K.L.:
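One structure is given below, represented as structure tokens, and several questions about it will come after.
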Amino acid sequence: MLTLEGGVVVTSLDPPRVRRGNVSVDDGRIVEVSDRPAPEGALVVDCSGCVVIPGNVCAHHHLYSALARGMPYDLAPPENFVQILQRVWWRLDRALDEPSNRASALAGGADALLAGTTTIVDHHASPGAIDGQLEVIGTTLSELGARAVLCYEVTDRDGAERAAAGIAENRRHLQRGVGGLVRGMVGAHASFTLWDATLDACAGLAKESGVGIHIHVAEDAADEADARKRFGEPVLQRLADAGALDARALLAHCVHVDGSEVELIGASGATVVHNARSNMNNRVGHAPVGSFPRLALGTDGIDGDMFAESRAALWRAREADPAVGPGWLLAAVAGSARFAGACFDEPLLGRIEAGAPADLVVLDYDPPTPLRSDNLGAHWAYGFSSRLVRDVVVAGETVVRDRMLVRADAHEIRRLAREQAARLWERIERTPVHVFGPAGDA
Ligand SMILES: [Zn+2]
């Protein structure tokens with residue numbers, strides 16, 4: 001039993017609700033938020049002067065990019081999104097092996113937990129080492145104490161054998177890797193790197209496993225141009241025809257969708273993950289975020305910091321539409337938790353109320369202005385940040401205490417990561433530019 005005592009508690013983000021109280025936790029769940037003193041025998045954590053919020057969810061991550069920070073690049077600068085993939089990410093992913101996958105999951109998982117992100121929805125690719133890698137990542141994240149929804153990113157860009165291995169890896173994970181804090185989806189890269197038979201196989205596996213497909217959609221105009229040229233229809237229609245578009249689906253980006261596709265997404269119940277910083281960094285355009293009834297936020301591998309991500313998303317959305325305000329940000333953060341909650345069959349994930357899973361973050365935030373339900377969004381946007389994260393609880397267990405990982409040594413993780421990064425970077429330099437590209441004019 002654990003009681004977080006005396007803090008200001010954000011019991012819900014959508015609608016925003018803030019109260020003062022003690023959060024009691026038992027057996028991985030919240031028992032109550034009340035004014036009552038801690039029950040006898042409970043471990044009491046003083047949260048006075050702090051704000052207690054639900055754990056953040058990163059709804060689209062690529063932990064495999066954790067060792068990419070600062071890697072050398074001596075080719076001509078990429079001029080468009082496809083060249084970014086061919087020259088950067090599709091060289092990195094082919095150079096990954098099991099030790100670097102594990103180091104990436106350790107470094108990225110630690111980074112996320114220390115930033116107050118309790119659930120990572122990951123999209124993994126390592127074409128040179130596919131078999132068993134989701135187990136490596138799942139085990140690593142469980143050791144740290146993070147919640148995870150994992151999948152392997154199936155693609156035809158590296159040939160039929162690796163496409164089949166990707167599907168088999170998703171199947172293996174869904175049959176044997178889920179349980180505890182780990183769940184699964186079926187990963188697929190993007191329409192423009194998938195032949196029909198491969199997409200059909202992904203959709204079939206998702207259906208038979210009772211999970212959704214996690215796929216990049218219309219991140220760049222090239223994906224839409226390819227679908228129209230090769231299949232005579234927009235990306236979303238192609239996914240719908242394959243049976244891949246349903247309420248469990250997770251669609252990353254959706255920057256270049258047209259009106260018919262927005263309607264398809266709305267009718268399907270699928271969740272769109274917006275990755276504002278990545279979209280700006282790759283110069284792919286701004287997604288029509290106001291058009292999607294179920295919106296979540298992801299970092300697309302930049303880091304595990306949902307405070308930074310949500311803040312950037314708000315500012316970019318406001319730049320496009322002055323009607324967007326901090327309430328939009330809170331709803332999007334809550335949307336990420338709603339999606340993760342569906343994966344775990346935990347509809348209360350992302351709330352602090354009786355019966356909800358105890359995924360909690362204590363922020364060392366003593367607000368310089370009154371903090372209330374009606375201005376929580378503004379405090380989130382202009383005051384909250386990952387540097388305030390003091391304690392993190394996942395499923396009732398404290399995994400970050402006083403800014404330190406409880407189950408692992410962050411310095412040792414980073415030492416190992418630097419060692420693996422040096423090896424990985426050498427392999428990347430020997431890996432040629434990928435020749436695969438989409439059909440059609442972007
Ligand atoms: Zn992505």
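All ligand and atom numbering here is 1-based and tracks the order in the structure. Worth saying up front: this structure is predicted, and the values here are computed from it rather than measured.
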K.L.:
Tell me, which N, O or S atom in His60 is closest to the Zn ion (ligand 1)?
P.N.:
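Of all N, O or S atoms belonging to His60, NE2 is the one nearest the Zn ion (ligand 1).
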
K.L.:
With a 6.0 Å cut-off on the ring centroids, do His216 and His62 count as close?
P.N.:
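Distance test on ring centres: under 6.0 Å, yes.
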
K.L.:
Please state whether the separation between the Zn ion (ligand 1) and some N/O/S atom of His123 is under 2.8 Å?
P.N.:
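No.
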
K.L.:
Test His274 against His253 for ring-ring contact (aromatic ring centres under 6.0 Å, His included), laying out the working first.
P.N.:
CA-CA 5 Å; His274 180 47; His253 298 286; 8.5 Å; no

K.L.:
To make sure I understand the geometry: which N, O or S atom in Asp300 is closest to the Zn ion (ligand 1)?
P.N.:
OD1

K.L.:
Does Asp97 form a side chain to side chain donor-acceptor pair (under 3.5 Å) with Ser100? I'd like the steps, not just the answer.
P.N.:
CA-CA 5 Å; Asp97 58 9; Ser100 49; 2.6 Å; yes

K.L.:
Please report the C-alpha distance between Ser126 and Asn101 in whole Å, then the side-chain angles of each, then the deciding distance to 0.1 Å, and finally whether the side chain to side chain donor-acceptor pair (under 3.5 Å) criterion is met.
P.N.:
CA-CA 8 Å; Ser126 53; Asn101 281 336; 3.2 Å; yes

K.L.:
If the cut-off is 2.8 Å, does any N/O/S atom of Glu219 fall short of it from the Zn ion (ligand 1)?
P.N.:
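Looking at Glu219, which is the residue asked about, there is no N, O or S atom under 2.8 Å from the Zn ion (ligand 1).
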
